[in-house]
Number of protein chains: 2
Amino acid sequence: MKHPTILDVANEAGVSKSLVSLVMRGSDRVSPSSRKAVLEAAEKLGYRPNAAARTMVRQRSYVIGVMVSNLHNPFFADVIDGIDTAVTDTGYRAILTTGNRLPERERLAVATLLEMRVDGLILASPVFGREVAIEASQTVPTVLVGKAIRAPAVDSVTNDDRRGGEMVVNHLVELGHRRIAHIDGGSGAGARPRRTGYTHAMRRHGLESEIRSVRGNFTEEGGAAGMRSLLTESTRPTAVFVANDLAAIGVLEVLDAEGLDVPGDLSVVGYDNTALAANRRLGLTTVDQPRHDMGRMAAGLILEKIGQDRTTARHVVLPPKLVARESTGPPSDGERS
Amino acid sequence: MKHPTILDVANEAGVSKSLVSLVMRGSDRVSPSSRKAVLEAAEKLGYRPNAAARTMVRQRSYVIGVMVSNLHNPFFADVIDGIDTAVTDTGYRAILTTGNRLPERERLAVATLLEMRVDGLILASPVFGREVAIEASQTVPTVLVGKAIRAPAVDSVTNDDRRGGEMVVNHLVELGHRRIAHIDGGSGAGARPRRTGYTHAMRRHGLESEIRSVRGNFTEEGGAAGMRSLLTESTRPTAVFVANDLAAIGVLEVLDAEGLDVPGDLSVVGYDNTALAANRRLGLTTVDQPRHDMGRMAAGLILEKIGQDRTTARHVVLPPKLVARESTGPPSDGERS
DNA sequence: ATGTCCAATTGGAACGTTCCAACATCGTTC
DNA sequence: GAACGATGTTGGAACGTTCCAATTGGACAT
């Protein structure tokens with residue numbers, strides 16, 4: 001038999017399907033003898049409940065869907081850990097889909113989850129447009145992680161990306177840098193405010209004329225390409241703020257390959273404080289985001305929203321923290337302008 | 001209305017539910033006018049098909065479930081990419097769950113997928129016992145990645161881990177090493193055969209007395225702990241073969257912290273050839289596994305098995321390839337025994 | 001013996017699809 | 001003008017659960 005049902009178990013145990021259902025759901029109004037008979041029959045037949053059927057009748061799946069932008073970025077591994085932590089022992093389970101940073105694939109990944117009738121949706125740094133999140137939020141509690149949008153029902157958990165961008169510039173200016181470039185994160189989550197933070201801080205330090213921002217994305221290759229393009233220009237910056245750690249690793253690769261010294265010739269700063277950045281060999285100065293907590297809180301918001309019927313959106317903004325390591329230092333004398 | 005159904009759409013469009021169903025499934029025996037009416041009604045109401053209901057009646061979910069041992073290991077990001085590639089445009093979709101390298105959590109992650117009635121199951125390097133995979137394989141096509149077991153219906157895609165282990169030893173012996181230690185991967189997938197490869201090759205080179213194997217696991221911390229324990233011993237090895245790249249990174253951290261030079265004082269080899277290993281700053285000698293292809297082939301096996309009713313198990317074993325980088329070199333003269 | 005209460009058990013309806021057999025409509029052919 | 005075929009459309013049954021109201025069978029009090 002391919003998949004025994006509750007009816008097969010009932011037959012085997014000589015009871016009604018309803019009683020089997022009660023036993024499976026752990027009811028206490030079942031006699032010990034019936035319970036034993038049912039459990040033995042279920043074991044013998046290899047019964048496994050059918051979630052699709054349960055979802056239909058209960059109008060609840062007890063599943064939280066998580067769409068992850070890019071599994072290559074260790075940032076998300078931490079976020080997912082946090083989600084798992086929060087979800088464990090609540091009766092809910094988390095499942096993941098991924099869209100590989102491609103808007104179309106991400107949309108499909110979300111559609112898959114919605115068709116499965118997940119009870120909550122966590123969108124981890126999607127690159128697709130706001131409308132997808134907004135539409136989803138009309139039928140299911142939805143939380144964005146790493147990105148926020150203004151919409152009546154879309155919660156978010158972010159760090160203060162703009163403030164983080166400012167902190168990076170402040171740090172570099174304190175070290176004596178003036179020619180500070182930025183390789184941005186393109187359409188990636190949080191990329192915009194980080195860039196805004198960068199430009200604002202530059203202006204505040206009277207460095208408006210030094211603002212130099214090139215397009216990148218949240219991948220190693222994106223960072224590398226951005227750096228290569230910066231290197232073709234006539235004047236080289238003395239420091240570069242890269243939109244995230246992964247891209248910053250790509251920048252380091254390029255600089256190493258070109259024989260440029262970090263931080264001697266050029267200081268490099270990333271964003272996220274992933275395990276990568278902490279590695280001694282990389283020693284990347286970066287901005288810490290509390291990744292695990294962000295996952296925990298996102299799941300918490302979902303569970304809370306499933307419980308009560310809260311209608312207003314909640315936006316959790318966590319403080320960023322600069323972590324100085326070996327990839328930043330004062331500009332070399334020849335470079336000082 | 002929370003979730004409009006096919007009936008709501010039918011009412012709105014003034015047709016029967018069956019016709020709506022036909023339109024949604026893209027049938028060509030529908031008049032253009034009806035199709036238009038139905039699509040407009042669906043759009044207006046925000047209709048989204050209910051996968052649970054479809055799964056029930058079709059007895060197929062058109063979903064492939066993937067259980068991933070550890071999302072922190074970039075190895076799996078590549079495998080998942082491969083799976084996604086193979087699955088795209090087949091009408092199937094992939095969903096993921098993770099168990100965080102904890103047997104109990106992994107079991108739960110698999111149970112979640114089975115209850116959802118996935119049409120195929122890919123187990124990416126599970127740490128749980130063989131019985132879980134065997135049981136699953138009795139109701140759904142099942143493929144192991146990175147690990148193989150002898151069972152009538154459990155397919156597998158692996159690289160030749162044993163051969164890989166031997167290649168590492170050969171490489172180190174060629175460089176002149178004799179005191180070669182191994183930090184193993186504990187109960188991790190493929191750890192056993194890698195260790196066997198190590199011991200066999202050591203014996204073949206007449207280095208039986210130099211065999212020194214300590215327990216580790218597939219995490220940075222596992223590798224670091226293994227290395228620390230090796231360093232407490234009276235004689236230090238001149239080279240260490242670590243069970244995977246992630247753990248090897250942990251080893252490098254410990255050696256850097258202790259002020260030991262790699263490869264001057266100690267050569268280090270990893271396994272997997274993840275992006276980490278290729279980084280110039282880390283330059284880790286390692287064994288390449290074709291991760292993307294492994295994912296592709298795993299998904300391919302599943303799809304094939306869903307199609308025909310193949311009953312025998314298939315085991316795909318791919319050849320490993322040594323990739324020499326900067327973390328290995330000849331032992332320093334003082335160390336030569 | 002009768003009635004009452006409680007615990008244990010039961011059948012049936014419902015959830016939202018798909019699929020099949022049946023039906024309606026209409027143009028074509030003899 | 002009857003018969004036929006093709007095209008488009010339809011209702012009903014089924015999938016495997018949950019939940020509710022109803023039923024059974026004791027145990028106990030009267």
Side-chain angles (χ1 to χ4, degrees), chain A residues 1-39 41-42 45-63 91 111-112 114-119 139, chain B residues 1-39 41-42 45-63 91 111-112 114-119 139:
Chain A
M1 183 170 347
K2 188 75 184 184
H3 271 132
T5 74
I6 214 176
L7 272 161
D8 300 315
V9 176
N11 269 334
E12 178 74 25
V15 299
S16 73
K17 66 171 187 8
S18 302
L19 189 54
V20 174
S21 175
L22 284 173
V23 171
M24 288 306 160
R25 283 176 290 136
S27 162
D28 58 353
R29 9 181 35 79
V30 179
S31 72
S33 62
S34 309
R35 161 165 290 116
K36 182 158 169 287
V38 167
L39 291 177
L45 300 180
Y47 171 76
R48 206 180 277 281
N50 183 323
R54 194 193 319 131
T55 298
M56 283 236 64
V57 53
R58 301 196 66 174
Q59 299 287 79
R60 285 253 162 131
S61 60
Y62 294 92
V63 169
T112 301
L114 292 177
E115 291 179 12
M116 288 183 152
R117 295 293 188 267
V118 293
D119 291 341
T139 57
Chain B
M1 183 169 350
K2 188 75 185 184
H3 272 131
T5 73
I6 214 176
L7 272 161
D8 299 315
V9 176
N11 269 335
E12 178 74 24
V15 299
S16 73
K17 65 173 188 4
S18 302
L19 189 54
V20 176
S21 174
L22 284 173
V23 172
M24 290 305 159
R25 282 176 291 137
S27 162
D28 57 354
R29 5 180 41 76
V30 180
S31 72
S33 62
S34 309
R35 160 166 290 117
K36 184 157 168 288
V38 167
L39 290 177
L45 299 181
Y47 171 76
R48 206 180 276 282
N50 183 322
R54 192 192 321 132
T55 299
M56 282 234 66
V57 54
R58 302 195 67 174
Q59 299 286 79
R60 282 253 165 129
S61 59
Y62 294 92
V63 169
T112 301
L114 291 176
E115 291 179 12
M116 290 182 149
R117 296 294 189 266
V118 294
D119 292 340
T139 56

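Throughout, a chain's letter reflects where its sequence line sits, starting with A, and its residues are numbered from 1.
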Legend entry - Donor on one side chain, acceptor on other, Ser34(B) and Ser31(B), under 3.5 Å: yes
Inset, instruction - Can you sort out the partners of Asn50(A) under side-chain contact (heavy atoms from CB on, under 4.5 Å), two or more places apart, ordered by chain and number? - result: Ala52(A), Ala53(A), Arg117(B)
Legend entry - Base versus backbone protein contacts along nucleotides 13-23 of chain D [heavy-atom cut-off under 4.0 Å; B, S, -]: -BBBBBB----
Inset, instruction - Could you check if a side-chain atom of Gln59(A) sits within less than 4.5 angstrom of a side-chain atom of His3(B), using non-hydrogen atoms only? - result: no
Inset, instruction - For Ala13(A), check side-chain contact (heavy atoms from CB on, under 4.5 Å) against everything at least two apart and list the hits. - result: Val15(A), Ala37(A), Val38(A), Ala41(A)
Legend entry - Sugar-phosphate, base or nothing in reach of Thr55(B), heavy atoms under 4.0 Å: nothing
Inset, instruction - Using a 4.5 Å cut-off on heavy atoms from C-beta on, say whether the side chain of Arg29(B) contacts that of Leu22(B). - result: no
